[in-house]
Amino acid sequence: MSILLGRSPDRQPPGAAPAHTGSRTTRLLGGLALAGLVGLGLCAFVFSPADSRPGPEAGARIGQFDAVRLMYVHVPAAIWTYAALGACALASAVYLWHRGAWWDRLAHACAEIGVVLCAVTLLTGMIWGRPVWGTWWEWGDVRLVTTLVLFLAYAGYLALRSVPGAPEARARRSAVLGLGGAVLIPIVNRSVEWWENRTLHQQSTLEELRIEDLTLFTLVLGIFVMGAVVLWLAVHRFRVAWLEAEAESAGLQAALAERRAEAAAAEPGAGAGGSGP
Amino acid sequence: MREALLVAAKDLRIEMRSRVLLFQVAPFAVATLVLLGFALDADRSALRNFSPGLFWVAVLLTALLAAQRSVAVEHAGRAADALLLSGVGPARIFAGKALALAAQLAALEVGLGVAMVVLYDARIEHFGLAVASAAAATVGIAAAGTLYGVLAAPMGVRETLLPVMLLPVFAPVLIGATRAFGDALGTAATNGWAWFGLLGLFALVYAVFGALAYGPLLEAEA
Amino acid sequence: MTHAGYIAAGWSISAALLAGYAAMILLRGRRLSGRVPPRRRRWMTAED
Amino acid sequence: MESAVWLRDAVCCRGGFPALAGVDLDVTEGEVLLLRGPNGAGKTTLLRLLAGLASLDGGRGTVLGCDLGGERRELRPQVGLLGHDLMLYEDLTVTENLRFFAALAGASETEARAALERLEVSARLREVSLRRLSAGQRKRIAAAVLAVRRPRLWLLDEPHAGLDESGRAAVSGLVRDAAARGATVLLASHEAPAASEVATRTVHLAGGIVVSAAEAAVSPSAEARDA
């Protein structure tokens, strides 16, 4: 719990820099997210009903039944996946424009969170699809396939980021790749319309569920709670990225000092040597 | 434009001299088609039905190698630095390299197309659609390949990094080109020209994006 | 409850992924903090 | 006189290593500067930095009036670099390489041919692909490309290494011609006799910084300029 809240055994004097990425803001945010998760759990499992309605035949019931409870994770995760990856693309674009290291780090943080959320989206989607559609994976469903493509594209982005190199060069390359991946996002939406006749996905999950008030409320709550979680992750991840850069530059300062010492050692000899033999 | 053509002509001349694509990449492409044939159990009607998809998978794998070659040409002996020092605008370098890559891919596709007709018993029913969609797809592949090639260029991990980054980007091309060819070859009942439009859009987007992004990338390398 | 196994699997996998990722970030933050001089350990100028 | 190179506390990293650790350097236009220093002193990186091919990671710098922070694109066409990597296409012939770079630089075919003559590249070699030439022969071709581009700033990294007597003489002649036309030349060399006869000043590099800068004792071209 204390880890999740970012609380540390800090006994430092006030004003000293913390040895972790937490702060009062993130602790508040973390608490809010945890409370939200508890509330979401209650709503998802206790208060909200299963999806069940009269079928075309008398007496028969159709619907997703309790599997709908997976939607309260799946839909928020999907929405925030697209938000996070979109934010990564946006930050990449701003970086290419303004060249602020801040934007590079933001893009990195957003991409990593986006990839994790994308994994959650895909996994919960598959687990939901098995009982409801009767299959783990459906190639005909474009939203599924394109989300996977998006996942792979940004996994490639993280692969590029993991390659060591000069920070600024890496930032530029990553920015181009992050922005290039965003080109796929509109294609995702386009292809949903195009392949409509082949898709299993509901035009909109919200519509299809014939939402009961509480179901809708839980879904919206899920989106907000996931938002708090994502924000908390983003703040921490951003600070880690910041620390990474600072650690790198601290290493550089050390190397620089070493290099200058090497020069100082060489100076007398070179000075006496003058020019040429 | 003159400079772009100079760069493109230079790349094509290098290929004419070194024949890497002809002697290494083209045989690879045909071997891919043959292996895919083995994988599908040499069922004649299945092969014909899947020929559009198999063809484009082979093209995309080939394009990976061609894109790598296009970058390698500049990085042997640091010729890329000479291009930078020449003061040619990055958009023109991009246009030239992409043009040369597109021309090489087009040649490879013609060869692969013949192999597809022979090996898979494919029948091209709408020749115009096949050529148009192949052209649009090729421009898109060449633009994306040139852009992502230089992304992965300067690191020691080019061979592994480039496919990871490039293949997801190729996914829409594969979908669009396969469907368009499905219509052209009469194996799928879709509106091939609509998919041609999608391929054209992809080509346009990546050509513009590449021309704009190439500059910062070249700067990053320097 | 119908599909109890699927629901449990879905929720627990999601929770595990997110919690694991969160823990990883926090641990990395702590480890890196040690390598950065306290003076530079700031993310924004006006943080609590 | 105009400043050709102005560096203050310039830091330049190659692969995370500070190859230049705070270089201060002033070169006026028209100077022929000899860079000396042990291996790993940062000579090559300094030349790449001045060519606009490496980014400045600290400090400030101006080359030919272009800021190394944001105007490297304007700088590069005015600079010629002859490095360890010859920056040529191995698969093309001598003529094709030269013609390509001449065309990009807006130079004519005649100038390209003249440059080959100047570097004494025999006609027999001109239609041969670079792959089949020896290291020394290739270096002559790279020098010819440099001559065709007629840069304002010449950056030569060990230009005499690997060349025979006539090649050294040709390169030294090229440097003198460039200086006579008012170009600035920086050359890094271990070959003291060949290099110092053309240089007007020597700068010593060690550990990524300039440790001493001395006027060359006697230098014909320096006298010519001062007159």
Side-chain angles (χ1 to χ4, degrees), chain A residues 3-4 6 8 12 16-25 30 37 41 44-45 50 52 64-67 69-70 72-74 77 102 105 109 112-113 116-117 119-121 123-128 130-132 226 229 232-233 235-240 242-244 246-247 249-251 253, chain C:
Chain A
I3 282 180
L4 201 66
S8 75
Q12 295 142 330
H20 52 79
T21 50
S23 63
R24 201 186 307 143
T25 323
L37 281 173
F45 288 104
S52 159
Q64 302 175 11
F65 303 105
D66 283 309
R69 301 186 201 282
L70 280 166
Y72 305 134
V73 184
H74 176 74
W102 202 91
R105 283 157 208 174
E112 206 174 280
I113 293 166
V116 171
L117 283 177
V120 169
T121 307
L123 287 171
T124 51
M126 282 158 69
I127 290 169
W128 175 87
R130 180 67 196 166
V132 176
M226 190 64 92
V229 171
W232 184 91
L233 284 172
V235 171
H236 278 277
R237 184 61 189 82
F238 175 84
R239 289 172 179 180
V240 167
W242 191 277
L243 285 173
E244 274 169 352
E246 287 296 333
S249 87
Q253 290 306 320
Chain C
M1 188 179 275
T2 65
H3 314 114
Y6 291 108
I7 294 165
W11 277 76
S12 53
I13 285 177
S14 307
L17 257 174
L18 288 173
Y21 179 62
M24 202 185 81
I25 291 180
L26 288 176
L27 289 178
R28 217 157 71 175
R30 277 163 194 243
R31 210 175 39 239
L32 278 166
S33 300
R35 285 168 43 198
V36 176
R39 202 165 39 80
R40 318 256 351 187
R41 228 181 276 154
R42 284 282 165 213
W43 309 285
M44 279 149 250
T45 40
E47 254 294 331
D48 69 318

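Note on naming: letters A, B, ... go to the chains in the order of the sequence lines (proteins, then strands), and numbering restarts at 1 for each one. Because only heavy atoms are used, hydrogens play no part in the values below, and waters and symmetry mates are left out as well, while side chains stay in. Treat the numbers as computed from the prediction; the structure is a model and nothing was measured.
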ask   = Taking atom CE of C/Met24 and atom CG of A/Leu233, what is their separation to the nearest 0.5 Å?
value = 10.5 Å

inquiry  = Under 4.5 Å from any heavy atom of chain C, what part of A/Ala77 do you find: side chain, backbone, both or neither?
reply    = neither

ask   = If you measure from CZ on A/Arg69 to CH2 on C/Trp11, what distance do you get to the nearest 0.5 Å?
value = 10.0 Å

message = Donor-acceptor pair, distance only, cut-off 3.5 Å: does the side chain of A/Trp232 make one with the backbone of C/Ala22?
response = no

task = Start with the C-alpha distance between C/Arg28 and A/His236, add both sets of side-chain angles, then the distance that settles side-chain contact (heavy atoms from CB on, under 4.5 Å), and finish with yes or no.
result = CA-CA 10 Å; C/Arg28 217 157 71 175; A/His236 278 277; over 6 Å; no

query = Of the backbone (N, CA, C, O) and the side chain (C-beta and beyond), which part of A/Leu123 lies under 4.5 Å from a heavy atom of chain C, both, or neither?
reply = side chain

ask   = If you look at every heavy atom in A/Val120 and C/Ser14, which pair is closest and at what distance?
value = CG1-OG, 3.6 Å

note = Ranked by heavy-atom pairs below 4.5 Å to chain C, first place among A/Pro131, A/Gly251, A/Ala119, A/Ala44 goes to A/Pro131

message = Heavy-atom cut-off 4.5 Å, strictly under: side chain, backbone, both or neither for C/Ile25 against chain A?
response = both

inquiry  = With a 4.5 angstrom heavy-atom cut-off, is it the side chain or the backbone of A/Ile113 that approaches chain C, or both, or neither?
reply    = both

key: Region of A/Ala250 that comes under 4.5 Å of a non-hydrogen atom in chain C   = side chain

Nearest-0.5 Å distance, CG of residue C/Leu17 to OG1 of residue A/Thr124 = 10.0 Å

message = Quick check: do C/Leu18 and A/Leu117 have side-chain heavy atoms less than 4.5 Å from each other?
response = yes

inquiry  = Please give me the minimum heavy-atom distance between A/Leu70 and C/Gly10, naming the atom from each residue.
reply    = CD2-CA, 3.6 Å

key: Minimum heavy-atom distance between C/Leu32 and A/Ala247, given as atom pair plus value   = CD2-CB, 4.0 Å

note = Of all heavy-atom pairs linking A/Leu243 and C/Val36, the shortest is O-CG2, 3.6 Å

